[in-house]
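Residue numbers start from 1 in every chain, and the chains themselves are labelled A, B, ... in the order their sequence lines are given, proteins ahead of strands. The basis for the numbers below is simple: all heavy atoms, side chains too, and nothing from hydrogens, waters or symmetry mates.
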Amino acid sequence: MKKAQIGLEAIFIIGIVLIIFFFILGYGFDKRNDIRNSERFILQQDECFKISNLIIGAFINGNGTEIRINLEYTANTLPNSRLININDKTDVTCTIPINAFSQTNLNSGNIRVYNQGDFVLIENV
Amino acid sequence: MYKKAQVNTIDLIIAVSLFFVLILSFILIWDNYAKKLDEKVKYDNIAEKAIKITDVLVNTHGIPDDWETDSENVQIIGLTSNARIVSDNKLEEFVNLDYNFIKQNFNIEAFDFYLKVVDSNNKIIQIDDDNVEIGIKPSLDSEDVITIQRIIARGGTEVVLEFTLWK
């Protein structure tokens, strides 16, 4: 009667499979982090584009234009450097081609964007 | 007599090889999608900049209103007169501005741009015998090229402002 056996080569292959399995597991975790970071970046960038679009929209539409919207993140508007900065675990910045808006630190929640004499005021409400 | 369970080495090698091929395919597809996503994010970013710049150019008179009389102190470049019709004086002054100054003003130092205004025959319009164009045209090797066309009113006719942003 032959007892259950396993060849030396099979043990070798199983060993290699295990090593590669752990490598793939590590790769999977790494990719999962990449996806989470990408998702966070895209959401923040969308928010950044949203704020800069609102400022441009209020500026173009002229004196008296008022827009209200809800923000998901905290943000800074930086007219001198013509930038909008979205804060979270990492900061995401986008540019804006005008500087006629107020320098503000915005909290998440409702904000008001208002054109007063071709100068755009941004504030939490 | 009966045979107890045994591992067939050849079967195992085939199974492991197939497993590796599948995993490798999965990794390659994943990487490919990640690259496509990165490209889309880059494209969206450059498209946003180009759209906003053309919005400001064709919809505003700039700050100060009469910046064309003192273009060194322009804060925001806009090309229209108050009636939202493109101003020849502003166009003329705009194409005479320093290329790097415009990039700085639009906050696009990391990019290059080319702007022209063409008539209905796709011919670059002229003001005082000068072509209304400014900037550097992208080459065939340029990456991330986006062109935005905006129809604008000039006098009694319509012309097209074409703005190309590239890297």
Check against side chain to side chain contact (heavy atoms under 4.5 Å, CB included), A:Asp34 and B:Trp30: CA-CA 11 Å; A:Asp34 282 354; B:Trp30 197 340; over 6 Å; no

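Contact residues of residues 62-83 of chain A toward chain B are A:Ser81, A:Arg82, A:Leu83 (heavy-atom distance under 4.5 Å). Of residues 105-118 of chain A, those residues with a non-hydrogen atom less than 4.5 Å from any non-hydrogen atom of chain B are, in numerical order, A:Asp118.
The line from CD1 of A:Ile98 to CD1 of B:Ile76 is 5.0 Å long, rounded to the nearest 0.5 Å. How far NZ of A:Lys31 is from CZ of B:Phe26: 10.0 Å, rounded to the nearest 0.5 Å. Separating the CD1 atom in A:Ile24 from the CZ atom in B:Phe20 is a distance of 7.0 Å, to the nearest 0.5 Å. Summarising the geometry, atom CZ belonging to A:Phe49 is positioned 6.5 Å from atom CG belonging to B:Asp44; distances are rounded to the nearest 0.5 Å. Put simply, CD on B:Glu48 and SG on A:Cys94 are 8.0 Å apart, with the number rounded to the nearest 0.5 Å. Summarising the geometry, atom CZ belonging to A:Phe23 is positioned 10.5 Å from atom CD1 belonging to B:Ile23; distances are rounded to the nearest 0.5 Å.
Contact annotation: the side chain of B:Lys52 approaches that of A:Ser52 to within less than 4.5 Å [non-hydrogen atoms, C-beta and beyond]. Taking 4.5 Å as the limit, every side-chain heavy atom of B:Asn105 sits out of range of all side-chain heavy atoms of A:Asn99.
Counting heavy atoms of neighbouring residues, nucleotides and ligands inside a 6.0 Å radius, atom OH of B:Tyr99 exceeds 12 of them. Other residues, nucleotides and ligands place no more than 12 heavy atoms under 6.0 Å from the CD atom of B:Glu72. The environment of CD1 in B:Ile151 is sparse: at most 12 heavy-atom neighbours from other residues, nucleotides or ligands sit within 6.0 Å. For CG of B:Leu28, the number of neighbouring non-hydrogen atoms (other residues, nucleotides, ligands) closer than 6.0 Å is greater than 12.
Of the listed residues (B:Ile77, B:Asn59, B:Ile13), the greatest number of heavy-atom pairs within a distance under 4.5 Å of chain A belongs to B:Asn59.
Heavy atoms closer than 4.5 Å to chain B are found in both the backbone and the side chain of A:Asn53. Contact of B:Ile51 with chain A is not made at all, since no heavy-atom distance falls under 4.5 Å. With a 4.5 angstrom heavy-atom cutoff, B:Asn45 touches chain A via backbone and side-chain atoms both. When heavy atoms are compared at a cutoff of 4.5 Å, A:Ile60 approaches chain B by way of both its backbone and its side chain.
Linking ILVMFWY residues whenever their side-chain heavy atoms come closer than 4.5 Å, directly or via other members, leaves A:Phe101 and B:Ile108 in distinct clusters. If you chain together hydrophobic residues whose side chains sit under 4.5 Å apart, B:Ile85 and B:Ile127 never meet in one group. In the hydrophobic clustering of this structure, B:Phe163 groups with B:Leu97; members are Ile, Leu, Val, Met, Phe, Trp, Tyr whose side-chain heavy atoms approach within less than 4.5 Å, directly or through other members. Linking ILVMFWY residues whenever their side-chain heavy atoms come closer than 4.5 Å, directly or via other members, leaves B:Ile63 and B:Phe106 in distinct clusters. Criterion: ILVMFWY side-chain heavy atoms under 4.5 Å apart, direct or through other members. Under it, B:Val58 and B:Phe113 are part of a common hydrophobic cluster.
Screening residues 158-167 of chain B for side-chain hydrogen bond (donor to acceptor under 3.5 Å, both in side chains), with sequence neighbours left out, gives B:Thr147-B:Thr164, B:Gln149-B:Glu162.
A:Ile96 and B:Asn107 get closest at one heavy-atom pair: O-CB, 4.3 Å.
Among residues two or more places apart in sequence or in another chain, the salt bridge (charged side-chain N to carboxylate O under 4.0 Å, His left out) test is passed with A:Asp91 by none.
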